[in-house]
Amino acid sequence: MEEITEGVNNIIIADSHKKNRIQVSNTKKPLFFYVNLAKRYMQQYNEVELSALGMAIATVVTIAEILKNNGLAVEKKIMTSTVDIKDDSRGRPVQKAKIEIILGKSENFDDLMAAAAEEREIAGAEDLS
């Protein structure tokens with residue numbers, strides 16, 4: 001029985017450090033920082049997991065919608081839950097809403113990214129001339 005408990009604990013620890021997870025804050029970075037980071041993660045891992053708590057949930061939904069509306073991503077899974085966060089000022093746990101959105105590359109993701117890179121090269125060459 002101890003071996004099973006140890007195995008479950010290890011799974012939880014490994015899961016909390018996913019390489020393709022972006023934990024979004026609505027105060028630390030601008031919106032398009034997260035959009036561009038999500039594009040890079042999709043290039044590397046073929047999918048990205050966007051995660052947020054509380055007020056940052058709206059930011060995660062906006063990021064997902066930008067990627068979907070630009071034809072770069074497809075929605076794979078959306079999970080919602082509540083988590084207990086320890087509030088130091090009140091001294092008791094506070095429940096916060098949590099969302100996790102998993103996005104995968106769209107069929108034409110690579111073509112769209114290549115076209116965007118080409119446009120940047122052309123713009124860069126024009127700036128030099």
Side-chain angles (χ1 to χ4, degrees):
M1 192 68 175
E2 289 175 343
E3 296 159 7
I4 295 170
T5 305
E6 188 177 306
V8 170
N9 289 340
N10 290 342
I11 290 169
I12 293 166
I13 290 166
D15 190 44
S16 67
H17 296 292
K18 281 187 180 174
K19 286 182 171 58
N20 64 336
R21 176 182 286 165
I22 301 173
Q23 293 180 308
V24 175
S25 163
N26 59 345
T27 57
K28 292 201 170 97
K29 301 276 183 190
L31 181 70
F32 276 90
F33 168 84
Y34 293 113
V35 171
N36 292 323
L37 185 60
K39 287 180 194 177
R40 197 169 322 136
Y41 278 25
M42 283 193 291
Q43 279 178 318
Q44 285 181 299
Y45 305 109
N46 293 324
E47 68 176 30
V48 64
E49 181 180 320
L50 302 169
S51 171
L53 295 173
M55 301 299 280
I57 289 173
T59 306
V60 161
V61 172
T62 302
I63 294 163
E65 287 301 311
I66 288 169
L67 293 166
K68 285 170 32 186
N69 292 337
N70 288 328
L72 294 167
V74 290
E75 203 173 275
K76 285 188 165 184
K77 191 174 186 181
I78 297 176
M79 297 165 285
T80 60
S81 60
T82 53
V83 292
D84 288 333
I85 304 291
K86 188 171 183 245
D87 187 352
D88 292 331
S89 63
R90 294 186 190 155
R92 58 184 163 89
V94 176
Q95 285 202 320
K96 287 234 179 194
K98 179 178 182 179
I99 192 167
E100 293 170 287
I101 301 175
I102 298 175
L103 299 174
K105 278 182 172 182
S106 67
E107 283 183 23
N108 45 353
F109 176 88
D110 293 321
D111 295 338
L112 291 168
M113 291 299 284
E118 199 173 298
E119 283 178 27
R120 283 193 301 274
E121 283 179 28
I122 292 167
E126 288 173 358
D127 289 345
L128 294 175
S129 58

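Worth saying up front: this structure is predicted, and the values here are computed from it rather than measured.
Shown here is Met79, whose CE atom has more than 12 heavy atoms of other residues, nucleotides or ligands within 6.0 Å. Within a 6.0 Å radius of NZ in Lys96, no more than 12 heavy atoms belonging to other residues, nucleotides or ligands are found.
Taken to the nearest 0.5 Å, the NZ atom of Lys19 stands 6.5 Å off from the OH atom of Tyr45. Lys77 NZ to Leu103 CG: the interatomic distance, rounded to the nearest 0.5 Å, is 13.5 Å. In this structure, the separation between CD1 on Ile63 and CZ on Phe33 is 10.0 Å, given to the nearest 0.5 Å. The OG1 atom of Thr80 sits 10.0 Å away from atom CD1 of Ile101, with the distance rounded to the nearest 0.5 Å. One distance of note links CD1 of Ile78 with CG of Leu50; it measures 10.5 Å at 0.5 Å rounding. How far CD of Glu100 is from CD of Glu49: 4.5 Å, rounded to the nearest 0.5 Å.
Nearest heavy atom pair, residue Ser51 against residue Lys98, reads OG-CE, 3.9 Å. Scanning all heavy atoms of the two residues, the minimum distance from Phe109 to Lys39 falls at CZ-O, 3.5 Å. Considering every non-hydrogen atom in both Ala52 and Val60, the closest pair reads CB-CG2, 3.2 Å. Across all non-hydrogen atoms, the minimal contact from Asn108 to Gly71 is OD1-O, 3.5 Å. Contact between Ala38 and Leu67 at its shortest, heavy atoms only, is CB-CD1, 3.6 Å.
Judged purely by atom type and a 3.5 angstrom limit, Tyr34 has no side-chain atom pairing as donor or acceptor with the backbone of Asn26. A donor-acceptor contact shorter than 3.5 Å is absent between the side chain of Thr82 and the backbone of Gln95.
Following chains of ILVMFWY side-chain contacts shorter than 4.5 Å, one cannot reach Val74 starting from Val35, and the two form parts of different hydrophobic clusters. Grouping the Ile, Leu, Val, Met, Phe, Trp and Tyr side chains by contacts below 4.5 angstrom, directly or via other members, places Ile22 with Ile66. Val83 and Ile102 sit in two unconnected hydrophobic clusters of ILVMFWY residues. Membership requires side-chain heavy atoms under 4.5 Å apart, directly or through other members. Val48 and Leu31 fall within the same hydrophobic cluster, defined by Ile, Leu, Val, Met, Phe, Trp and Tyr side-chain heavy atoms under 4.5 Å apart, directly or through other members.
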For this session: Check the pair Leu37, Lys29 against side-chain contact (heavy atoms from CB on, under 4.5 Å), reporting the backbone distance first and the verdict last.
Result: CA-CA 11 Å; Leu37 185 60; Lys29 301 276 183 190; over 6 Å; no
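By the side-chain hydrogen bond (donor to acceptor under 3.5 Å, both in side chains) test, Ser81 pairs with no residue at all, sequence neighbours left out.
Side-chain contact between Lys105 and Asp110 is present, with heavy atoms from C-beta onward closer than 4.5 Å.
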All N/O donor-acceptor pairs, side-chain side in residues 113-122, below 3.5 Å, sequence neighbours left out:
none

